[in-house]
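Order of the sequence lines sets the chain letters (A, B, ...), proteins ahead of strands, with each chain counted from 1.
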2 protein chains.
Amino acid sequence: MDPASGFLPAKHNHRRCVEDALKTAEDVCRRRGQRLTEQRRQVLELVWQAHMPMRAYDLLDKLKKVHRAAAPPTIYRALDFLIANGLIHRIESLNAFVGCGDPEHAHAGQFLVCQDCHAVAEMADPGVATLLKKKASQHGFFALRQTVEIFGLCPACAENHGGDHTAMSAAAK
Amino acid sequence: MDPASGFLPAKHNHRRCVEDALKTAEDVCRRRGQRLTEQRRQVLELVWQAHMPMRAYDLLDKLKKVHRAAAPPTIYRALDFLIANGLIHRIESLNAFVGCGDPEHAHAGQFLVCQDCHAVAEMADPGVATLLKKKASQHGFFALRQTVEIFGLCPACAENHGGDHTAMSAAAK
DNA sequence: CACACGATGTTATGATGTTGCAAACGGAGC
DNA sequence: GCTCCGTTTGCAACATCATAACATCGTGTG
């Protein structure tokens, strides 16, 4: 199953899932005649390694460890490229980025963001995307791009907190 | 009809619609025992006057004209208050704020953002919100809050551009 | 009046993202 | 190999977005 869809078990083969993502990225770029340069590959790898939303400057700090000259434009250019090729998604509410499990097909993803552990899952439900497009068109609006971000509790965190997630998350601060 | 739902005709009674929004805000705050101070009222008025997404520093510049001492915290505090009371919404993709036409009821709004004229309409379709919550729960996710932002062309801009919005918007730059 | 608490003033700083231009790289054609 | 040319990267500065920390002020309440 697609590694980006749904929340992952605590112990999955993480090294493997990063490798798969990079392999897929290489395939996709080769087919499209796009250059997945070393820098871009490294940034993509950092995003996948974290397996949770990564912010630009966090990625920059990590990138600097293997590439001292890295600066903000370094990261943002790589992120722009990766987004343009559907290899990552941007989570607007977090100013953060996550890997996309299905870069081969353009799609409007819906993101489930856990407020507790910060894990993110992508739904990519075509029914949702279609409904939104349809609802928009009922308002005379021609939809081109969607951002859908749902905040709440992932299965593991909902489990841990039982019914009183409100009290718990307040206490957790 | 609710002034914030749907795109407005080019010539609506704008002064009236700002006044109504402020009146409603006063009612809501009074009932909740919240203080709609002069500063907060002014910021809310600025948001409604623009009738399109306003960024914090744009509001700050405008506020300075009637209140020289205004600084970033001035604006952000007012915006925090207004959001907390449902009087405005934040558009995450734009780092901008729009007035809410229905502050009386908590709701998950869906925003239609025109890429051309930057107008924004709020759908607040409960069916959409419910569907998203349900889809999320099918993934074991307990949804608490939603951000739905749809980019495209509003009725007026879609009309002007006919079929070739791509060429037009490229040329428009 | 005195107190408490929320609101505001003020300065500084942190966090996020972009522009502009020059240099280096890398593939296409010779 | 060499030139040409478009893409990618280096680099410095800047633009934008948001918050921290602490002092002061205002207002309602006992």
Atom pair distance, as rounded to whole Å: [atom1] in [X] and [atom2] in [N]:
X	N	atom1	atom2	value
B/L63	C/dG9	CG	C1'	13 Å
B/R32	C/dG6	CZ	C1'	18 Å
A/E92	C/dA15	CD	C1'	16 Å
A/D80	C/dT19	CG	P	10 Å
A/I75	C/dA15	CD1	C1'	15 Å
A/I83	C/dG17	CD1	C1'	12 Å

Carefully, step by step, assess B/H89 and B/F97 under the rule ring pair (Phe, Tyr, Trp, His ring centres under 6.0 Å).
CA-CA 6 Å; B/H89 291 292; B/F97 306 83; over 10 Å; no
Walk along nucleotides 8-17 of chain D from 5' to 3' and tag each nucleotide B, S or - by protein heavy-atom contact under 4.0 Å, base first, then sugar-phosphate.
SBBBB----B
With hydrophobic residues grouped by side-chain heavy-atom distances under 4.5 Å, do B/L22 and B/I83 end up in a single group?
yes
In terms of side-chain heavy atoms, does B/E149 have a donor or acceptor partner in B/S93 at a distance below 3.5 Å?
yes
Lys NZ or Arg CZ of B/K62 over B/Y57 ring: under 6.0 Å, within 45°:
no
Is it possible for you to check whether B/K135 lies under 6.0 Å from the centre of the six-membered ring of B/F141, through NZ or CZ, and within 45° of that ring's axis?
no
Between the opening five pairs and the closing five pairs of the helix from C/dC1-D/dG30 to C/dC30-D/dG1, how far apart are the helix axes, to 10°?
30°
